[in-house]
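Both counts, for ligands and for their atoms, begin at 1 and track the order of listing.
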Amino acid sequence: MLPLLRKAKRMSCLLSQTLLPSSAANSVCNFKPTHSLIAPHHLLLPRLLGLRPKIGFLGSVRGMATKMDSIQQNPEAISYLNQKEAAEIDEILMGPLGFSVDQLMELAGLSVAAAIAEVYRPSEYSRVLTICGPGNNGGDGLVAARHLYHFGYKPFICYPKRTAKPLYDGLVTQLESLSVPFLSLEDLPKDLSDSFDILVDAIFGFSFHGSPRPPFDDLIQRLVSLKINGDTHQKSSAIISIDIPSGWHVEEGDLSGEGIKPDMLVSLTAPKLCAKRFSGSHHFLGGRFVPPSIRNKFKLQLPAYPGTSMCIRIGKPPKIDISSLRENYISPALLEEEVVADPFDQFQKWFDDAMAAGLKEPNAMALSTTGKDGKP
Ligand SMILES: NC(=O)C1=CN([C@@H]2O[C@H](COP(=O)(O)OP(=O)(O)OC[C@H]3O[C@@H](n4cnc5c(N)ncnc54)[C@H](OP(=O)(O)O)[C@@H]3O)[C@@H](O)[C@H]2O)[C@H](O)CC1
Ligand SMILES: [K+]
């Protein structure tokens with residue numbers, strides 16, 4: 001049992017050194033194991049298998065631990081585009097640079113889904129309603145919803161003004177084939193926050209102008225009222241805006257002061273000027289497809305995406321209550337009657353579970369023995 005204990009302690013030190021600030025990590029490593037750590041191996045193994053890397057958990061904490069580059073840390077140093085520049089970059093990408101709108105939309109939608117998964121874990125925020133507008137911003141929303149489905153969320157779509165083009169028809173068919181429900185305006189529940197954990201605002205992007213026309217005026221108003229009427233004691237739905245908080249002026253922001261107040265903004269390609277007025281907790285950049293020629297032409301100062309990430313946080317992450325990171329590792333007990341008769345089959349079952357959980361080394365194992373009395 002002793003090596004097992006040592007291993008458990010070493011693992012918690014390793015985890016804490018990777019994930020926690022140094023002071024917290026020290027206190028975890030100096031922690032004397034109590035009987036709560038002394039678990040028989042048949043409980044510990046499933047528990048180890050249960051250490052599934054939650055996308056949101058690792059993502060947001062990874063954001064804390066990673067050294068942020070100076071542009072990322074300082075939103076003032078980042079380039080912000082006006083409406084004309086945003087449209088011009090779009091035209092260059094899809095003209096001389098040879099991209100198709102499908103390609104860019106796929107990458108844009110993927111980065112939105114990746115940013116959402118960095119902050120909101122599917123175990124707590126599973127029900128996602130994406131409200132899609134008539135343009136490409138709405139298309140980004142349809143793509144993001146499909147990726148969120150594959151990330152383990154339960155998406156719903158409200159797409160009241162469909163665009164009759166093969167690209168959009170295809171995106172709708174792809175979602176329908178996953179049995180993602182499409183809700184009409186009449187189907188939408190009165191209180192969105194009762195039924196959805198996340199509301200994705202994919203109504204308008206950088207081509208928005210004037211005042212919102214029906215039916216989007218009413219939909220935007222429903223997002224606005226969520227934050228006004230929100231019961232502060234209850235977990236309210238998180239609002240995530242794609243590229244522009246819908247209804248905001250693309251350059252001036254929330255002119256009336258009564259527009260939507262998203263919790264998260266995912267800017268695409270580069271933030272638009274209105275993003276300077278964004279005061280929510282999470283600002284991300286996505287759309288990792290900007291080639292150096294565009295960066296140089298528009299003198300873009302943008303943070304460097306880390307590794308293979310499809311998105312990057314802009315500015316510092318909000319202060320995290322470390323106790324809220326606490327994971328519950330209590331697994332269901334392994335009962336003798338549930339164990340497969342053939343140990344090889346049982347091993348295969350555990351191994352498959354470990355593979356499915358996406359563990360880094362699914363073939364790593366801990367072996368311990370017990371006496372006849374079942375005690376270590
Ligand atoms: N290069 C990139 O960064 C990429 C970004 N993408 C996403 O595309 C949008 C921009 O898409 P676009 O189609 O140009 O514009 P919108 O999505 O904003 O929508 C335009 C439609 O909205 C209608 N509209 C405009 N204003 C209003 C209003 N006040 N009330 C109602 N409807 C309005 C407009 O209709 P009009 O008749 O007014 O022209 C259009 O139907 C960008 O923000 C990103 O999200 C790409 O996906 C990938 C490349
Ligand atoms: K939007």
Examine K276 relative to Y80 and say whether NZ or CZ is less than 6.0 Å from the centre of the six-membered ring and inside a 45° cone about the ring axis.
yes

O (F204) to the K ion (ligand 2) to O (I242): angle, nearest 10 degrees?
100°

Less than 3.5 Å apart, any donor N or O on the side chain of N136 or Y168 sitting next to an acceptor on the other?
yes

Cation-pi between K349 and F347: NZ/CZ under 6.0 Å from ring centre and within 45° of the ring axis?
no

Determine the interplanar angle of the F182 and Y159 rings, folded into 0 to 90°, and report it as parallel if under 30°, tilted if 30 to 60°, perpendicular if over 60°.
tilted

Worked verdict on E106 versus R146 for salt bridge (Lys or Arg N to Asp or Glu O under 4.0 Å)
CA-CA 10 Å; E106 190 62 32; R146 170 162 40 81; 2.9 Å; yes

Hydrophobic cluster identity match, L268 and M94, side-chain contacts under 4.5 Å
yes

By chain and number, the residues contacting ligand 1 below 4.0 angstrom (heavy atoms only) are D90, L93, L104, M105, P134, G135, N136, N137, D140, F204, G205, F206, S207, F208, H209, S211, P212, R213, D243, L268, T269

Presence of N, O or S from D201 under 3.4 Å of the K ion (ligand 2)
yes

Compute the angle centred on the K ion (ligand 2) spanning OD1 of N137 and O of I244, and express it rounded to 10 degrees.
140°

Is D254 salt-bridged to R277, cutoff N-O under 4.0 Å?
no

Note: I260 and W248 closest approach over all heavy atoms is O-NE1, 3.0 Å

Backbone or side-chain N/O/S of S246 under 3.4 Å of the K ion (ligand 2)
yes

